[in-house]
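I have placed the structure first, in the form of structure tokens, so that the comments after it can refer back to it.
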Amino acid sequence: MTTPIERAADSFAAELSRRRVERGMTKKQLAARMGFDPSYVSHVEGRRHRPTEDFARRAEAVLGAAGAIWQRFQEYDELRQARAGAVAHRDPPVPEQWMPPGTGLIVEQETATLAYHEGAYRCVIRRALYNAGTEPVTRYLVRIAVDRFPNDPARSNRHHRENPLTFAELDLQAFCDDQGSREPMEWRKKHDRDAFKEVWLLFENADGRFPLYPGERVTTEYSYRVNRDKWGQWFQRAVRLPTRRLALRLDLPLDLDPQVWGVETSLSAEEGPLRTPLVRHDEGGRSRFEWSTDDPPLNARYRLEWRYRAQPAPPAAASTESEGRASDRMRAAGIVQLGADLLRQPARHFDLPRDDTNARDVVARLRAALERLDELHPFSKGVGLAAPQIGLPWAAAVVRPPDRDAEPVVLLNPRVVDAALETDEQYEGCLSLFDLRGLVARPLRLDVEHARWDGTRLITSFELAMARLVAHEVDHLEGRLYVDRMDPEVPLVPIEEYRDTGNPWRY
């Protein structure tokens with residue numbers, strides 16, 4: 001019969017396992033983020049090791065469990081101390097004394113406000129920051145993305161290509177509030193595209209530098225302006241740093257009779273409505289909508305959308321006769337294009353070796369298709385092709401490395417069994433939506449288990465460009481496209497604007 005202490009330890013292990021799985025992390029990945037040996041997480045979840053306070057704090061911080069893991073540990077620890085005759089104590093539910101290696105900045109409070117006045121939107125982002133890392137922070141990355149027609153990407157791309165967003169019209173301003181002073185912050189461009197900008201806010205100005213040192217707090221504020229002809233009726237915030245509280249505010253003209261709603265998504269949940277309602281206040285000819293949440297999970301996204309009921313809806317997008325010459329060429333070569341149901345369905349696994357003949361036929365057809373494609377495009381980055389892309393529902397793909405002299409890799413019934421924590425972002429293309437390129441983060445190393453013709457299985461490790469190519473094709477076999485992995489705030493780039501065609505990825 002188990003004791004109360006044993007049951008409390010079991011409860012901790014179950015909570016740890018559940019939160020880890022929700023975050024999509026392996027035991028090895030969690031251990032690396034926490035700074036522990038991989039076997040330690042396995043032993044705690046397997047009830048072979050009891051949790052320590054340090055372990056519990058690190059797990060809570062890395063998994064962002066809103067205090068649940070820490071609470072389970074305290075329940076266990078109080079029973080343990082009571083048995084030992086010690087006086088139990090209770091620390092804050094969300095530990096702040098320790099943060100995982102590389103945590104760096106913590107957003108203690110973010111308030112994002114969007115106001116509409118006389119044909120333009122003004123966005124103000126105010127963040128209370130805490131440096132939980134071990135190095136001074138000298139700059140802070142911010143992203144600005146617009147999407148005039150969020151439900152029609154092709155129309156938005158055309159619109160912003162013809163009417164690009166410029167830094168001049170943004171009128172970007174940034175300030176840092178530190179001990180009662182309001183210091184202007186200089187900024188430097190990182191990326192400058194038609195509908196997307198990335199900017200480094202610098203902890204410096206003409207009068208000097210003011211780094212944010214470990215253990216210090218500061219509040220930053222930046223604002224920018226976008227005309228209505230470049231901003232669709234949506235406002236989204238993505239959680240990219242550990243965040244204690246996030247608040248969204250909309251300030252719209254009352255006479256336009258705005259109707260507002262919200263959606264959210266995260267790594268562990270599909271898109272759905274906000275879990276709590278927006279609060280509306282009408283005063284002084286303005287309609288103000290507010291919504292907030294505590295301890296949002298990393299990579300969660302919260303989006304407000306609206307329409308003005310006192311004016312006609314924008315005209316529907318004009319239809320086009322084709323998807324563009326690049327996609328037409330791919331379609332003519334037998335490549336299934338975006339919109340086909342087969343691209344969104346998990347592929348069927350071969351029963352090897354019984355399906356040996358079928359598998360060899362599928363692979364032969366993939367190789368033949370790749371040879372045809374060589375006449376249409378220079379694949380200097382390497383190229384891969386999955387069976388669903390040629391209309392076959394089987395779990396097979398052929399990947400040709402960037403080195404044309406290297407032997408193509410055949411993947412049968414592949415699945416990813418491990419991936420490096422380190423990632424990089426590169427632009428990817430896809431034969432099934434070849435008119436566009438998208439910025440996608442991928443692991444720098446990927447371990448893939450796949451089958452031989454005789455049904456035995458092996459694990460192959462791929463790195464850098466091959467890791468990206470293989471990850472792309474495994475996604476295809478799981479019914480996923482690279483656009484599903486993109487940051488929604490980063491727009492797709494039309495192929496005619498993509499500058500690196502014919503160049504290999506850089507590492």
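Quick note: numbers below take in every heavy atom, side chains included, and nothing from hydrogens, waters or symmetry partners.
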Atom [atom1] in [X], atom [atom2] in [Y]: separation rounded to 0.5 Å?
X    : Y    : atom1 : atom2 : result
L172 : C123 : CG    : SG    : 10.5 Å
D194 : H160 : CG    : NE2   : 9.0 Å
R127 : Q109 : CZ    : CD    : 11.5 Å
I335 : L431 : CD1   : CG    : 5.5 Å
L248 : F289 : CG    : CZ    : 13.0 Å
T293 : L246 : OG1   : CG    : 7.0 Å

Of all residues at least two apart in sequence or in a different chain, which pass the salt bridge (charged side-chain N to carboxylate O under 4.0 Å, His left out) check with R126?
D177, E221

Can you list the residues that meet the salt bridge (charged side-chain N to carboxylate O under 4.0 Å, His left out) rule with D282, with sequence neighbours excluded?
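Listed in chain order: R280.
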
Between the main-chain N or O of [Y] and the side-chain N or O of [X], is there a donor-acceptor pair closer than 3.5 Å?
X    : Y    : result
K190 : R143 : no
E216 : Y213 : yes
D192 : K197 : no
R437 : F434 : yes
E186 : E204 : no
E60  : R57  : no
R286 : D251 : yes
S432 : C430 : no
H159 : D229 : yes
E264 : R275 : yes

Shortest non-hydrogen contact from [X] to [Y]?
X    : Y    : value
P504 : K381 : CA-CG, 3.9 Å
L385 : A369 : CD2-CB, 3.5 Å
H472 : G429 : CE1-O, 3.3 Å
L212 : N131 : O-ND2, 2.8 Å
F196 : A145 : CD1-CB, 4.1 Å
V409 : M466 : CG2-CE, 3.8 Å

Could you give me the CA-CA distance, side-chain angles and deciding distance for E110 and R245, then say whether salt bridge (Lys or Arg N to Asp or Glu O under 4.0 Å) is met?
CA-CA 6 Å; E110 173 176 330; R245 183 172 179 80; over 6 Å; no

With a 4.5 Å heavy-atom cut-off, do [X] and [Y] have their side chains touching?
X    : Y    : value
M25  : L421 : no
Q259 : D257 : no
L129 : R217 : no
E135 : P214 : no
E473 : Q389 : yes
C176 : M185 : yes
L114 : V124 : no
L411 : V470 : yes

If you apply the rule side chain to side chain donor-acceptor pair (under 3.5 Å), what do you find for R225 with N227, and how did you get there?
CA-CA 7 Å; R225 179 183 183 278; N227 286 335; 2.8 Å; yes

Would you say the rings of F235 and W306 are close, in the sense that their centroids are separated by under 6.0 Å?
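No, ring centres 6.0 Å or more apart.
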
NZ/NE/NH1/NH2 to OD/OE distance under 4.0 Å, [X] and [Y]:
X    : Y    : result
R240 : D487 : yes
R288 : E290 : no
D424 : R506 : no
E463 : R445 : no
E169 : K230 : yes

Walk me through it: do F462 and V448 pass the test side chain to side chain contact (heavy atoms under 4.5 Å, CB included)?
CA-CA 8 Å; F462 302 96; V448 177; 4.1 Å; yes

Tell me whether the NZ or CZ atom of [X] lies within the 45° cone about the ring axis of [Y] and under 6.0 Å from its centre.
X    : Y    : answer
R155 : F149 : yes
R468 : W505 : yes
R303 : W234 : no
R182 : F175 : yes

If you apply the rule ring pair (Phe, Tyr, Trp, His ring centres under 6.0 Å), what do you find for Y116 with W231, and how did you get there?
CA-CA 11 Å; Y116 178 64; W231 190 295; over 10 Å; no

Compute whether any side-chain donor of one residue and acceptor of the other, for [X] and [Y], lie under 3.5 angstrom apart.
X    : Y    : answer
Y130 : R244 : no
R209 : T138 : no
R331 : Q337 : no

In sequence, state the C-alpha distance, the side-chain angles, and the governing distance for R344 and L481, and then conclude on side chain to side chain contact (heavy atoms under 4.5 Å, CB included).
CA-CA 8 Å; R344 289 303 191 177; L481 301 176; 3.7 Å; yes

Run the numbers on L165 and R193 for side chain to side chain contact (heavy atoms under 4.5 Å, CB included), then give the verdict.
CA-CA 8 Å; L165 183 68; R193 294 198 172 274; over 6 Å; no

Candidates W187, Y222, Y140 - the one meeting side chain to side chain contact (heavy atoms under 4.5 Å, CB included) with V199:
W187

Start with the C-alpha gap between I69 and L63, add the side-chain angles, then the distance that decides, and say whether side chain to side chain contact (heavy atoms under 4.5 Å, CB included) holds.
CA-CA 9 Å; I69 291 175; L63 293 174; 3.6 Å; yes

Aromatic ring pairing F210/F203, orientation class (parallel under 30°, perpendicular over 60°, tilted between):
perpendicular

For D475, side chain to side chain donor-acceptor pair (under 3.5 Å) partners two or more places apart:
R442, R480, R485

